[in-house]
Amino acid sequence: MEYNAMELMICIAARNLEDGATVVVGTGAPCAAAMLSQKIYSPNLCILFEAGGVAPILPTMPISVGDSRTFHKAIMASSMPEVMETCQRGMVDYTFLGGAQIDMYGNINSTMIGDNYQKPKVRFPGSGGANDLASLCWRTMMMTVQDARRFTDKLDFITSPGYLKGGRSRYDAGLPEGTGPYRIITNMAVMGFDDETKWMMVLSINPGYSRQDVQDNCGFELKWAKKIDDTKPPTDEELRILREEVDPHHYIIGR
Amino acid sequence: MEYNAMELMICIAARNLEDGATVVVGTGAPCAAAMLSQKIYSPNLCILFEAGGVAPILPTMPISVGDSRTFHKAIMASSMPEVMETCQRGMVDYTFLGGAQIDMYGNINSTMIGDNYQKPKVRFPGSGGANDLASLCWRTMMMTVQDARRFTDKLDFITSPGYLKGGRSRYDAGLPEGTGPYRIITNMAVMGFDDETKWMMVLSINPGYSRQDVQDNCGFELKWAKKIDDTKPPTDEELRILREEVDPHHYIIGR
Amino acid sequence: MALGTRDNDTEGAMLSGKNELFTDPDPDKARAFFRNKSRSMTPKLSQIKDVVRDMIKDGDYIAIGGFGANRIPTAIVHEIVRQHKKHLGFAGHTSTHDFQVLIAGKCIDRCDVAYIIGLEARGLSPNARRAVESGTIKLTEWTNASLSWRLKAAAMGISFIPTRNILGTNTFDHSAAKMITCPFTGKKYAAMPALFPDFAAIHVHEADIYGNCRVYGASVSDFDLAKASKRVVITTERIIPHDEIRREPEKTVIPYWCVDAIIEVPYGSYPGNMPYEYFSDEEHLKTWLKVERDPEELEIFLQEQIYGVKDFYEYLNLNGGIEKMKKLRAIEYLINNK
Amino acid sequence: MALGTRDNDTEGAMLSGKNELFTDPDPDKARAFFRNKSRSMTPKLSQIKDVVRDMIKDGDYIAIGGFGANRIPTAIVHEIVRQHKKHLGFAGHTSTHDFQVLIAGKCIDRCDVAYIIGLEARGLSPNARRAVESGTIKLTEWTNASLSWRLKAAAMGISFIPTRNILGTNTFDHSAAKMITCPFTGKKYAAMPALFPDFAAIHVHEADIYGNCRVYGASVSDFDLAKASKRVVITTERIIPHDEIRREPEKTVIPYWCVDAIIEVPYGSYPGNMPYEYFSDEEHLKTWLKVERDPEELEIFLQEQIYGVKDFYEYLNLNGGIEKMKKLRAIEYLINNK
């Protein structure tokens, strides 16, 4: 079946969420990925929302991470400190972030463009809970369209921590041991991070793209895994369930 | 009417709890004093228990500060941190402590007698929540039989803080500003503390006792208020309600 | 951007966020206030107009309960705008529609920011964005958990709480947090300063006339907010009998002594979502985002929706009244009843 | 006694409690454990015998839920004694009957103490007192709030929490707390080190087979305890259907992922009080205090009540069975039905 970039990214993300894991998601694509994963791969995936909803049976896609849907037939309707402290205690495996810029260490800017904090050229929504989740969950993932302005070695503002300056710098700053960016899923490729240097590293290339495309659309030099896989395209089952059950109104995947 | 020392102390304590105040109590005499106060002087006195019970309608005297009675028809059945944090935030006016020894600054020992912590001559119940309440509530009161061994200038162990070494030493140690011992109610007298030195000071003498009695039964030199009142004996109403409604089985006031 | 600034204090060279701390975290000053706050369980039924007039002064630092456009005390927010309150400080802990109404009313001049210009999946608020980009309000940067924990520190009666977020980022640099070291493990922590707002308004499902409250669904940070704030107003979908509170004391999540005033405001979270009651009015929120694009259109809209109506009930009627509420209830319950 | 000792660390000369810290407050070590703790919502119904055999090793540090003799998991406590577990560390946060049974069984050799030898209004435990006075168990001194906050720090995933109690006293000197200074206000605080027990047992009113729990009445520190502990066993008065949990998610106070095993134990808090279910058996508790006076009598009593019965049901029958429970329910409900 044909598919678009958003559908591809959601399907890849869904495959990365294993059964029995916990994931804090926002609205939109991350929530769709978690729902898709539950329906195909990980029926026992536990979805949390930062306003307090825990393991709801999601009847529709939430509009807000605090709306009624986020604790519809949930196992707990708790609080923001409860969810954030569960992350801080090390009980949450995954989260997803968005952002306007990302660098080679997976640091993310979702705050502003410009060099004057009090008068930014462009102000974005800011952290919300993004910094918290990126700091405290074990593995952070991102789904984004890839281009050389977005993938840059000079962030205007580090909103949420990746591996900071690489190596152990993230942990030396006081962030919990063993946490950090895990997968960056773009329309062109899937990236991880080098174990030692924590530099972004291409793991697989999506159908229809080349190494050259991936590097040309990135503002810094990418590392390459020893063996670069071909990303598996969405299966018919993934697409059918995503389109019919997860996002039937195509709010997220487009029309 | 005739009365015993316990009845007298409970009646005096009850008069010191004004309407609209909050008080954390334990089992026994303090709880009786709070109940008596509610029935005569302060219908709007809010009684809290450290295990989480808030403003119950007490059907009988609790056996434990965590038993069912402590949140019987309460306005909240909360938790220990909830109650302790309410104290720490400055929303609790009064508490009562017991103890084996007290010194001139109102420091209290309810932990041990002896000079070897790991092998005490006598071990008492210890702090429980006593230190917490003495540290965090605005005003601490004590009801106790007075003798020269109990009222001593050398505590074997400071379990709960009074004014420590007097003056501002309590606040210099980090304890909240403006808190501290308020009234020590004995069978012989009612004591407060000098504003400046924080030394124990007799305010009124109970019926049947003299200045001499009060000083002779105290192991340190007492200060005396400019005007020493005669403690008002229990009224007939106080005794009737205490005996018939508050402690009908005479568990606390004796038979 | 430079990462952090260094303090010259005696504890050694520790990192420190460089933006302004808008409120005083001193727990003894807060205690001195709370010492005189009434603990008497007396009836506290009030009126929206009176409460906003009497309990908020220009220049106060305020906070609004709920999350995004969910369980928000809209009647209070509108009345603040209607009374032209000025120079307010604001706790922007995923405050979306509430913040956006207040900034449209030009009530706010400083803000602790976690998330204020977005409206989540609905997009961004053009007017809030203009306000922030033009530099007309002073900002200090935080995150949702940071503001949650700042309120928790205040609710606990302590001046800071150590946390493991925001470290190493520009979010820290533009916060007013400080870095500290654990005396047991040597680990680094962000110290989050206690946040004691002057005023908070919270919308709940049920409350008695004394202010004992029940909330259903996600509680966000509202229980800590009620404790941390010096003055607290509750709007409630329903007043319930006091005896009902005593029948199930486990359900009380805000005790009466936190609360200074209660107002029964059915549909009080409109156009926001009230869990188990009614869903958000997505059409109305979309209109807000549309008119916000043009400052003049926004003024006309504010005139029509807020300045030009005498109270929240007139606003509800203007937007469809009980019939609209019935539709929003159907959406909340996933019932096809449009 | 000397007030405090001074640390030689680089932060300056700060006061430090001098007794032993029995557990490691390192949040990264705790996180490494929690990373591998199952989050899968799978059935966890177990047996008392198996749970105590498999989940408690000699030398572990354990904690027991409830307060005093209220809402205590007696079946687990008895089984620990019956299986002769040894050298346990213990969190003595107003633990009365539970501690006193465990010390009678000689299971404990170190204890964080707030309140362990009293039985509140009922008097003191002669045997617990002997154990403490003879120096056979190592003690570190705390208070109820201190232990509450130590568990809260662990539940929050941080290694300490600053508090304003215990300062200036010998309680501080014989604790393992440290004094720290607030970086914002310069105020002094006690830093309470996080307490992550190896094992906790908690008795609740209702739980589903996955471990989602409901508790009615005062919750003491049990919600934090469930989060702070590495392994958690729940005994419950009743197993309820999972759908019932999802019907009212506000009522879930311990989520399934904290819980490793569930056992349905009706009357599981006996001889303690279970709020809204049955009152404490005051006669039985009085007998305990009486036989404790004489070590030989105590051994005979333990033989009869614990070692000599095969399980908790035999113990309940020995003490009056269902008929006794009916009486205790009447007392709980203030009904004259003796």
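Only a predicted model underlies this, so the values are computations on that prediction, with no experimental measurement involved. Labels below follow one simple rule: chain letters A, B, ... track the order of the sequence lines, proteins then strands, and each chain is numbered from 1.
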Select one option (side chain, backbone, both, neither) describing which atoms of [X] are under 4.5 Å from chain A's heavy atoms.
X	result
C:Leu147	neither
C:Thr163	both
C:Glu282	side chain
C:Ser219	both
C:Thr143	both
C:Ser95	neither
C:Leu124	side chain
C:Thr136	neither
C:Val132	both

Who wins among [options] for the most heavy-atom pairs under 4.5 Å with chain C?
options	value
A:Met76, A:Arg69, A:Glu50	A:Arg69
A:Gly129, A:Gly174, A:Ser64	A:Ser64
A:Ser160, A:Gly28, A:Ser78	A:Ser78
A:Ala134, A:Gly128, A:Ser135, A:Ser127	A:Gly128
A:Gly126, A:Ala74, A:Pro81, A:Gly52	A:Pro81

One pair to check against side-chain contact (heavy atoms from CB on, under 4.5 Å): C:Asn170 and A:Tyr117. What are the steps and the verdict? CA-CA 10 Å; C:Asn170 295 123; A:Tyr117 172 81; over 6 Å; no
Where on [X] is there a heavy atom nearer than 4.5 Å to chain C: the side chain, the backbone, both, or neither?
X	value
A:Arg170	neither
A:Lys154	neither
A:Leu175	both
A:Thr60	side chain
A:Pro161	both
A:Val65	both
A:Glu82	neither
A:Phe49	neither
A:Thr27	side chain
A:Val122	both
A:Gln88	side chain

Contact winner vs chain A - [options], heavy-atom pairs under 4.5 Å:
options	answer
C:Ala218, C:Ala121, C:Gly92	C:Ala218
C:Asn19, C:Asn165, C:Asn70	C:Asn70
C:Gly217, C:Gly118, C:Ser280	C:Gly217
C:Asp224, C:Ile117, C:Leu151, C:Ile116	C:Ile117

Determine the minimum heavy-atom distance between [X] and [Y], stating which atoms define it.
X	Y	value
A:Met84	C:Asn144	CE-CB, 4.5 Å
C:Val113	A:Arg123	CG1-NH2, 3.4 Å
C:Arg164	A:Pro176	NH2-CA, 3.6 Å
C:Tyr115	A:Pro125	CE1-CB, 3.5 Å

Below 4.5 Å, heavy atoms only, C-beta onward: do C:Phe223 and A:Ser79 meet side chain to side chain?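 Side-chain contact under 4.5 Å: no.
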Is there side-chain contact between C:Lys152 and A:Glu85, with at least one heavy-atom pair below 4.5 Å?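 Answer yes - side chains close enough.
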[X] [atom1] to [Y] [atom2] distance, which is reported to the nearest 0.5 Å:
X	Y	atom1	atom2	result
C:Leu334	A:Ser68	CG	OG	9.0 Å
C:Leu167	A:Asn131	CG	CG	8.5 Å
A:Leu136	C:Ile166	CG	CD1	11.0 Å
A:Thr70	C:Asn273	OG1	CG	8.5 Å
C:Glu141	A:Phe157	CD	CZ	4.5 Å
A:Asp67	C:Glu120	CG	CD	8.0 Å

I'd like to know if the side chain of C:Thr171 and the backbone of A:Thr159 have a donor-acceptor N/O pair within less than 3.5 Å. yes
So, C:Arg122 side chain and A:Ile63 main chain: donor-acceptor pair closer than 3.5 Å or not? no
With sequence neighbours excluded, what pairs up with C:Arg130 under the salt bridge (Lys or Arg N to Asp or Glu O under 4.0 Å) test?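 Once residues adjacent in sequence are excluded, C:Arg130 has no partner under the salt bridge (Lys or Arg N to Asp or Glu O under 4.0 Å) criterion.
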A:Asp132 and C:Ser146: side-chain contact (heavy atoms from CB on, under 4.5 Å), yes or no, with the steps? CA-CA 8 Å; A:Asp132 311 317; C:Ser146 301; 4.3 Å; yes
Using heavy atoms and a sub-4.5 Å threshold, report which of residues 89-98 of chain A line up against chain C, by residue number.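 So no residue qualifies.
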